[in-house]
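Reading through the structure tokens given below for one structure.
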Amino acid sequence: MFISKSMTRDVVTIDKKANILDATDKMINRKIRHLPVVEHDNRLIGIVSDRDIRSAMPSIISHDYNSKEKREKLSKLKVADIMTPDPITISPSYTLQDALLLLQQTEVGVLPIVDENGILKGIVGVRDLIRAFINVLGIGKPGMLLSIVVEEQTGKMKEIVDAITEEKISFGSTLVAKYWDEGKRAVFPYLLTKDISRVKQKLEKMGFILIDPLEWYLEQLPKTS
């Protein structure tokens, strides 16, 4: 799925010449934490976050923040002075997976989305990705998760799918994850039903190993030094 389908299109932006109080007010009023900084043609030149603002004006939480003298002093500080120039961006042709990996690798909060000319088209953050993956995985609907350890052999996935569909149970999604034993994978079908007892018994009779999804997660985490 392309990120252009999940990005926020109505992006609140700010000019580099705006003062820090304008940026603060925009964030508070729109309940956002990042403001892309754009030129008059909507070309992205930077980004400013609530963290940038807090670092620049720690007195924002002081009792005299709204005093005339304090606001006049802070108004001299411009967005250009505190923004991150040339932020990390992605193209509308990136996938959800691309964006998720980039967010994890760069540890930024959001990714502005720009076209080949650097024109801002949207923005995507962790919340957008969570919402998108909830839709992709079908976990917005009530259901139950199975965890099945399978050999890496052709036809094993078909056996699982056939066994579940024969019980007239619909799939929300199916994930296949790395398992820590060589030659095996963990399959996680999310089933749109409240009762998976029969299908569990059926799969076990077929020779599949079923484990608790939470136990698999906790016990199979990579070792840390």
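- Side chains of L35 and I47 form no contact here, defined as non-hydrogen atoms less than 4.5 Å apart.
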- Task: In sequence, state the C-alpha distance, the side-chain angles, and the governing distance for E151 and K156, and then conclude on salt bridge (Lys or Arg N to Asp or Glu O under 4.0 Å).
- Result: CA-CA 7 Å; E151 301 286 340; K156 288 297 181 181; over 6 Å; no
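- Under the 4.5 Å side-chain criterion, counting only non-hydrogen atoms from C-beta, I3 is in contact with L96.
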- Task: In sequence, state the C-alpha distance, the side-chain angles, and the governing distance for K202 and E166, and then conclude on salt bridge (Lys or Arg N to Asp or Glu O under 4.0 Å).
- Result: CA-CA 10 Å; K202 184 174 185 176; E166 285 171 3; 2.7 Å; yes
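- Across all non-hydrogen atoms, the minimal contact from M206 to A163 is SD-CB, 3.7 Å.
- Between L146 and L203 the shortest side-chain heavy-atom distance falls below 4.5 Å.
- Here the closest heavy-atom approach between residue A177 and residue F188 is recorded as CB-CE1, 3.9 Å.
- A side-chain donor-acceptor contact under 3.5 Å links D81 to the backbone of K78.
- Using a 4.5 Å cut-off on side-chain heavy atoms (C-beta onward), M157 and V176 make contact.
- The CG atom of L111 sits 10.0 Å away from the CG atom of D128 when rounded to the nearest 0.5 Å.
- Between K26 and V12 the shortest side-chain heavy-atom distance falls below 4.5 Å.
- Placement of I160 and I211 in two distinct hydrophobic clusters is found when ILVMFWY residues are connected by side-chain heavy-atom separations under 4.5 Å, directly or transitively.
- When hydrophobic clusters are built by joining Ile, Leu, Val, Met, Phe, Trp and Tyr residues whose side-chain heavy atoms come closer than 4.5 Å, directly or via intermediates, V38 is not grouped with I32.
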- Message: Using the rule given for side chain to side chain contact (heavy atoms under 4.5 Å, CB included), can you reason through L100 versus F133, listing the C-alpha separation, both sets of side-chain angles and the distance that settles it, and then say yes or no?
- Response: CA-CA 10 Å; L100 185 62; F133 274 101; 4.0 Å; yes
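- For the atom pair CG of L120 and CG of L44, the computed distance is 5.5 Å after rounding to the nearest 0.5 Å.
- Here the side chains of S55 and I53 are not in contact, with every heavy-atom distance at 4.5 Å or above.
- Under the 4.5 Å side-chain contact rule for hydrophobic residues, V37 and V114 do not share a cluster.
- Side-chain N/O atoms of D98 and T95 include a donor and acceptor closer than 3.5 Å.
- Nearest approach of A99 to I90, heavy atoms of both residues: CB-CD1, 4.1 Å.
- For the atom pair CG of D212 and OG of S147, the computed distance is 8.0 Å after rounding to the nearest 0.5 Å.
- In the model, T13 has no side-chain atom that pairs as donor or acceptor with a side-chain atom of N42 under 3.5 Å.
- Side-chain contact check for D195 and S197: at least one donor-acceptor pair (N or O, by modelled atom type) lies under 3.5 Å.
- Taking the side chain as every heavy atom from C-beta outward, P85 and I45 never approach each other to under 4.5 Å.
- Between K200 atom NZ and L191 atom CG the span is 11.0 Å, to the nearest 0.5 Å.
- A donor-acceptor distance shorter than 3.5 angstrom exists from the side chain of D41 to the backbone of R43, with no hydrogens or angles considered.
- In the hydrophobic clustering of ILVMFWY residues, with side-chain heavy atoms under 4.5 Å counting as a link, L102 and V126 come out together.
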- Task: Decide yes or no on side chain to side chain contact (heavy atoms under 4.5 Å, CB included) for K121 and R9, but give the supporting numbers first.
- Result: CA-CA 6 Å; K121 295 297 181 181; R9 296 176 182 275; over 6 Å; no
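- Heavy atoms of other residues, nucleotides or ligands lying less than 6.0 angstrom from CZ of F171 number more than 12.
- In this structure, the side chains of V149 and F208 stay at 4.5 Å or more apart for every pair of heavy atoms.
- The residues K184 and E152 are annotated as not salt-bridged, no charged nitrogen and carboxylate oxygen being separated by less than 4.0 angstrom.
- The cluster map of Ile, Leu, Val, Met, Phe, Trp and Tyr, joined by side-chain heavy atoms under 4.5 Å apart, puts I130 and I113 in the same cluster.
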- Trace of the side chain to side chain contact (heavy atoms under 4.5 Å, CB included) decision for V48 with I82: CA-CA 7 Å; V48 63; I82 65 169; 3.6 Å; yes
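- A distance of 15.0 Å separates CD1 of I148 from CZ of R185, quoted to the nearest 0.5 Å.
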- Begin from the C-alpha positions of N19 and L77 and carry the test side chain to side chain contact (heavy atoms under 4.5 Å, CB included) through to its verdict. CA-CA 6 Å; N19 65 52; L77 190 59; over 6 Å; no
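- For the atom pair I20 CD1 and M83 CE, the distance stands at 13.0 Å (nearest 0.5 Å).
- With hydrogens and angles disregarded, no donor-acceptor distance shorter than 3.5 Å links the side chain of R33 to the backbone of R51.
- Scanning all heavy atoms of the two residues, the minimum distance from V79 to A23 falls at CG2-CB, 4.1 Å.
- A donor-acceptor pair under 3.5 Å links the side-chain atoms of Y190 to the main chain of G143, judged by distance alone.
- Across every non-hydrogen atom of P36 and H34, the tightest pair is CD-O, 4.0 Å.
- Smallest separation of non-hydrogen atoms from T84 and P87: O-CD, 3.8 Å.
- When atom types are taken as modelled, the side chain of D52 and the backbone of S49 share a donor-acceptor pair closer than 3.5 angstrom.
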